[in-house]
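This report refers to the structure that appears directly beneath it.
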Amino acid sequence: MDKLNYSETVLLPKTAFPMKADLAKREPQLLEKWKKIDIYKKMLEKNKGSQSFILHDGPPYANGHIHIGTALNKILKDTVVKFKSLQGFFSPFVPGWDCHGMPIEHQVFQQMKLKDKNAVDIISFRKKAHDYAMKFMAIQREEFKRLGVFGDWEHPYLTLNPVYEKTIVESFGKLFTSGYIIQRYKPIHWCWHCQTALAEAELEYWDETSPSVYVKFPVKKFSAGRVPDHSFFLIWTTTPWTLPANVAIAVHPELEYCIIKTDAGHFILATTLVDTVCEKLNWKSERIATFKGKDLEHTIYSHPFVERDSPVVLAHYVSAEEGTGCVHTATGHGEEDYQTGLKYHLPVISPVDERGRFTEEVPEWKGMLVFEADPFIVDSLSKRHIILHSENYRHSYPHCWRCKKPVIFRATKQWFLKIDHQNLRELLQSEIQKTTWIPEEGQSRISSMVALRPDWCLSRQRLWGVALPVFYCEKCGTAICNKETISKISSLVEKFGSDVWFEKSVEELLPENFTCPNCSQAGPFIKEKDILDVWFDSGVSHLAVLKNDPQLKWPAELYLEGSDQHRGWFQTSLITSCAIEKHAPFKTVLTHGFVVDAEGRKMSKSLGNVITPEQIINQYGADILRLWAVSENYQQDMRISQKIIDHLVIVYRTLRNTMRFILGNISDYDVQFQVQESELLEVDRWAIARLNQLVNDVTGYYEACLFHKGVNEIFDFCNIDMSSFYLDYLKDRLYTHGKNSCTRRAAQQVLYQILSSLVVMLAPVLSFTCEEAYSFIPFKKQESVFLEHWPEAKAPDNNLLERWLKFFEFRKLVLKQIEQQRAQGKIGSSLEAAIFVKANPQHREFLESFQPYLTNLLMIAEIHLENGNELEVKAEKTDLPKCARCWIHHKTVGLSKQHPQLCEKCLQVVNDK
RNA sequence: GGGCGCAUAGCUCAAGGGCAGAGCACUGUGCUGAUAACGCAGGGGUUCGUGGUUCGAAUCCACGUGCGCCCA
């Protein structure tokens with residue numbers, strides 16, 4: 001036999017599992033398979049009756065295509081759900097969408113080319129908004145499916161579903177009847193031209209010239225000692241028309257104030273601003289006394305032209321750069337002013353009607369548009385020496401996006417959820433304490449937000465949402481919302497959807513023969529025009545979804561969202577849950593960071609650094625995107641760039657190739673041919689021990705949601721333990737030992753076990769690849785890897801692992817010596833090496849204990865152990881002849897006349913055939 | 001401006017007071033029976049900056065810079 005023919009007697013790896021992944025092409029085929037066998041349902045059936053693990057999906061907004069952040073979020077969720085499911089938990093995943101709200105309203109407005117919100121036909125508008133939301137829900141659903149995310153995609157929860165809307169109405173009713181809901185005035189952006197409320201997104205800012213005035217307010221009762229008679233606070237404002245609504249003067253608690261003596265009287269203002277102000281007002285001043293801002297608190301002053309006394313209050317937003325350091329505060333005309341007002345229980349005064357004109361509360365300028373009144377106000381007050389100086393001032397000012405007119409802040413009646421009713425804030429805090437936050441910082445973050453958050457403003461003056469289910473008695477003005485009315489409305493909403501509020505008359509919406517609970521009149525009644533904040537919609541998802549679906553349960557084990565949801569969904573869900581159920585809706589909350597580019601900057605069109613999931617999927621495959629999602633530490637910001645993707649492709653190839661190599665070598669594996677554990681070589685038992693260690697580590701990391709650590713461990717195992725050592729070493733046994741020899745079968749058995757564990761542990765991440773690889777495993781038990789069981793975490797043999805660590809240290813020395821010889825051109829393959837070792841008796845004995853396999857383990861020709869003091873390793877080229885079949889240099893080569901090129905091992909194998 | 005974070009090799013991550021460590025990438029090289037694969041070796045660091053505590057700091061503290069999320 002010549003050399004070539006011996007090659008034919010060697011058992012080389014054989015598998016149809018391709019080396020080239022071709023994921024963009026193959027993944028859709030696997031999606032088809034999953035659809036055909038209904039894998040999601042089968043996974044649930046497998047675990048039916050087991051303990052359940054519920055991850056409650058936070059609903060993305062049904063607008064536009066998914067972006068890399070939404071993809072990251074769903075992939076992480078899917079990884080958790082698949083892991084729990086493989087572990088045997090009953091883990092249904094019901095995806096959801098947030099369907100109401102302003103972004104959709106905007107889009108539809110633009111599509112309809114509407115100019116005036118008040119002229120729109122609400123019913124047909126809402127129909128269009130509904131269709132718009134459904135369209136993008138369907139688009140996003142396909143995009144999520146393409147990522148390989150498993151879930152009940154045919155029955156998602158949508159906040160516009162009538163059954164969902166019913167829960168919204170009922171939840172509001174429960175809150176109302178238990179006293180959490182109140183109505184109070186609050187300033188909002190208002191367009192006096194369009195006569196409509198405006199959201200922040202509907203404002204356009206550009207420069208505007210306003211009158212800037214200095215106004216004096218006489219001190220009535222000074223809190224920080226005594227002041228001379230005829231002392232005044234000096235304030236500065238660019239909106240003179242808000243002066244009638246002044247209810248306080250705000251000063252900064254830490255800033256220094258002084259009282260100055262001038263020809264015009266005594267004035268109190270911030271010390272740092274005295275010079276600028278005096279220059280402007282042409283004053284010569286003398287400083288009499290100084291105070292800290294906080295000492296001025298509770299000073300009482302009189303309004304200069306309205307019959308009213310008001311207090312001095314403290315606020316941190318007071319600037320020491322501009323004005324006088326004394327800030328005119330009109331709670332009805334500014335957000336900051338309003339917040340300060342809440343703190344000091346100031347009245348909210350807003351004597352301006354919806355057309356932007358003064359009401360009769362301001363008789364002097366009654367009926368005038370506030371901006372047109374400005375010059376008259378300045379003129380009149382200047383004459384009365386109340387305004388001491390005025391000039392033009394250019395600053396950025398908000399304008400209506402539709403009519404481009406400058407907007408005003410105007411107080412209107414709004415509905416609120418009271419955060420301090422029935423100690424709700426304390427309950428929120430104690431439930432936050434009881435919840436597990438991953439990462440831990442989440443707890444202090446949400447806790448500090450809850451500590452300071454104001455009442456939740458629930459009303460919106462918009463069209464696309466669920467109407468606030470409140471009626472008003474026209475006779476006595478009472479706002480009506482009780483069990484009776486809620487029960488009627490919720491059953492109508494369940495039947496007809498929330499459109500019913502706009503379609504039906506007030507009589508049809510109220511129970512029959514309804515009378516006002518306050519004045520007992522039988523009407524007439526009016527329905528509320530405002531709708532609920534969309535955050536309320538998603539905030540009750542735990543009630544609408546977890547409580548209404550029998551396979552789910554409340555509270556959920558896990559909420560998993562981006563860190564922005566500390567203010568958003570986590571908080572809104574917690575508030576509704578604690579107010580209604582007195583308990584948090586989640587046990588654990590996990591947050592991830594935001595996706596940024598290679599430099600750590602956020603993705604934006606203007607920076608041109610946007611990477612879409614679609615790009616990655618089409619070019620590399622969803623598994624690469626999934627690998628990215630779990631390879632980095634999601635607790636920080638997640639970087640993505642072409643370089644990072646390239647790196648992941650290489651990582652992926654290594655994992656895929658490891659699977660492929662093992663598949664190739666177990667193609668003729670037969671479960672019937674079981675090798676007893678005692679018949680395994682020590683190195684095989686080491687491999688099993690390492691596998692057990694890996695399973696333990698990975699299970700622990702996954703359970704702690706530290707996926708990147710788990711995946712890193714798997715990668716190191718495949719790379720360091722398998723590829724570099726064990727698999728390389730096993731080639732001789734697998735290729736050249738007898739087909740049914742114990743040594744070869746033992747190797748196959750270990751490899752089978754390793755691969756079986758690997759595909760399951762990687763399946764939550766590389767779902768497509770593992771499903772594909774699983775289908776090539778002989779004697780597999782299930783039709784999908786996702787119906788497998790999580791590998792059992794057996795305790796690894798730590799003594800054995802430690803012993804082998806010492807062996808690997810020695811191996812490293814040997815490899816280094818061989819490399820030196822190779823560099824000198826003396827040795828090519830390590831199989832040509834003869835190794836000479838001097839070692840102390842103890843170490844020598846240690847090495848002897850690996851015999852007779854030491855040369856095989858090191859993949860060398862010969863090894864000679866001698867006693868010595870220091871450990872010394874030398875490599876030389878062997879003189880032994882090379883076996884033509886197994887390529888090992890061995891002294892037995894040439895002993896056979898029939899096969900002079902073979903060693904005794906190969907001789908026997910060839911003869912046995 | 002405020003709150004909560006983050007910053008270690010070109011990249012992704014470790015080390016949480018005691019010699020800064022893996023994998024990938026890179027460079028060199030071997031093999032040609034994992035072959036658009038696999039093996040071996042090597043170079044690569046002001047641990048963002050400044051100051052402090054300490055015998056000793058990537059690690060603890062303060063200030064700053066840059067970046068992200070939330071709020072104003």
Side-chain angles (χ1 to χ4, degrees), chain A residues 6-15 17 19-20 315-317 319 321 335-336 339 439-449 451-453 562-568 571 591-603 627-628 630-633 635-651 653-654 656-665 706 708-709 711-713 715-720 722-725 727-732 734-736 811-812 814-823 825 827-833 859 885-887:
Chain A
Y6 286 127
S7 275
E8 284 166 19
T9 69
V10 169
L11 301 159
L12 294 180
K14 226 162 71 184
T15 177
F17 182 71
M19 179 180 275
K20 192 164 183 293
H316 285 271
Y317 54 78
S319 160
E321 317 284 307
E335 177 64 28
E336 282 178 335
Q339 294 300 341
E440 283 175 32
E441 296 82 60
Q443 179 168 330
S444 57
R445 186 167 175 179
I446 192 167
S447 176
S448 61
M449 286 178 183
L452 293 172
R453 72 154 293 151
S563 59
D564 55 336
Q565 298 305 330
H566 285 107
R567 178 155 299 271
Q571 221 180 110
T591 55
H592 55 81
F594 275 67
V595 183
V596 295
D597 71 8
E599 274 78 46
R601 270 192 293 268
K602 67 173 160 194
M603 291 199 172
L627 187 58
W628 166 76
V630 297
S631 290
E632 291 183 37
N633 183 359
Q635 300 185 2
Q636 305 166 15
D637 288 330
M638 298 272 291
R639 293 181 183 220
I640 195 162
S641 66
Q642 188 58 48
K643 200 169 175 181
I644 290 169
I645 296 166
D646 290 346
H647 176 236
L648 288 166
V649 169
I650 289 161
V651 170
R653 273 211 293 263
T654 304
R656 185 177 177 94
N657 249 321
T658 303
M659 292 189 218
R660 182 174 126 92
F661 180 78
I662 297 178
L663 279 171
N665 283 298
L706 296 169
H708 71 286
K709 294 204 177 191
V711 171
N712 262 332
E713 290 261 322
F715 182 72
D716 281 354
F717 175 82
C718 288
N719 208 21
I720 301 171
M722 292 296 110
S723 207
S724 300
F725 171 62
L727 298 182
D728 211 20
Y729 148 80
L730 276 188
K731 283 174 192 168
D732 181 58
L734 291 161
Y735 297 173
T736 72
R811 176 173 178 263
K812 198 160 174 67
V814 171
L815 290 172
K816 209 164 203 163
Q817 290 306 311
I818 292 173
E819 184 59 29
Q820 267 180 21
Q821 296 300 303
R822 189 148 41 214
I827 292 179
S829 160
S830 69
L831 286 171
E832 293 171 17
M859 298 207 289
R885 184 170 173 275
C886 71
W887 298 346

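FYI, side chains are in, hydrogens and waters are out, and symmetry mates aren't considered; it's all heavy atoms of this structure.
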Check your understanding: Heavy atoms under 4.0 Å, any strand shown: does A:H708 hit a base, just sugar-phosphate, or nothing?
Key -> sugar-phosphate

Exercise for review: Would you indicate what A:H647 reaches in the nucleic acid, counting non-hydrogen atoms under 4.0 angstrom: base, sugar-phosphate, or nothing?
Suggested key: base

Point to revise | Watson-Crick or G-U wobble mate for B:U65, both contacts under 3.5 Å | key: B:A7

Review point. What does A:N633 touch in the nucleic acid at a heavy-atom separation under 4.0 angstrom: a base, only the sugar-phosphate, or nothing?
Key: sugar-phosphate

Exercise for review: Could you check whether A:K816 gets within reach of a base, just the sugar-phosphate, or nothing at all, counting any heavy atom under 4.0 Å?
Suggested key: sugar-phosphate

Review point. Where the side chain of A:D637 meets the backbone of A:F594, is there a donor-acceptor pair that is under 3.5 Å apart?
Key: yes

Point to revise | Under 3.5 Å donor-acceptor, A:S563 side chain and A:G593 backbone | key: no

Check your understanding: Could a donor-acceptor pair under 3.5 angstrom be found where the side chain of A:K709 meets the base of B:A14?
Key -> no

Review point. Ignoring hydrogens and geometry, is there a side-chain-to-backbone donor-acceptor pair from A:R445 to A:H566 under 3.5 Å?
Key: no

**Study point:** Span that lies between the C1' atom of B:G51 and that of B:U12, in whole angstrom
**Key:** 32 Å

Point to revise | Nearest-neighbour nucleotide for the A:F661 side chain, B:A34, B:G33, B:C24 considered | key: B:A34

Check your understanding: Should B:A25 form a Watson-Crick or G-U wobble pair with both distances under 3.5 Å, which nucleotide is its partner?
Key -> none

Review point. Below 4.0 angstrom, N of the basic side chain to O of the carboxylate: do A:R567 and A:D564 qualify?
Key: no

Practice item. Assign A:E336 to base, sugar-phosphate, or nothing according to its heavy-atom contacts below 4.0 angstrom with the strands shown. Key: sugar-phosphate

Practice item. Assign A:I446 to base, sugar-phosphate, or nothing according to its heavy-atom contacts below 4.0 angstrom with the strands shown. Key: nothing

Review point. Is a side-chain donor-acceptor pair under 3.5 Å present for A:E335 with A:Q339?
Key: yes

Practice item. Could you tell me whether the side chain of A:S724 has a donor or acceptor atom within less than 3.5 Å of a complementary atom in the base of B:G39? Key: no

Practice item. Check every strand shown and say whether A:R656 touches a base, only sugar-phosphate, or nothing at a heavy-atom separation below 4.0 Å. Key: nothing

**Study point:** N/O donor-acceptor pair, side chain A:S723 with base B:A34, under 3.5 angstrom
**Key:** yes

Exercise for review: State whether the aromatic ring of A:Y317 stacks on the base of B:G1, taking stacking to mean ring centres under 5.5 Å apart and ring planes under 30° to each other.
Suggested key: no

Check your understanding: What is the nucleic acid contact for A:M859, judged by heavy atoms within less than 4.0 Å: base, sugar-phosphate only, or nothing?
Key -> nothing

Exercise for review: Just call it for A:G593: base, sugar-phosphate, or nothing, with non-hydrogen atoms closer than 4.0 Å on any strand.
Suggested key: nothing

Exercise for review: Tell me what A:I644 touches on the nucleic acid: a base, only sugar-phosphate, or nothing, going by heavy atoms under 4.0 Å.
Suggested key: sugar-phosphate

Practice item. Name the nucleic acid region contacted by A:D564, choosing base, sugar-phosphate or nothing; use a 4.0 angstrom heavy-atom cut-off, strictly under. Key: sugar-phosphate

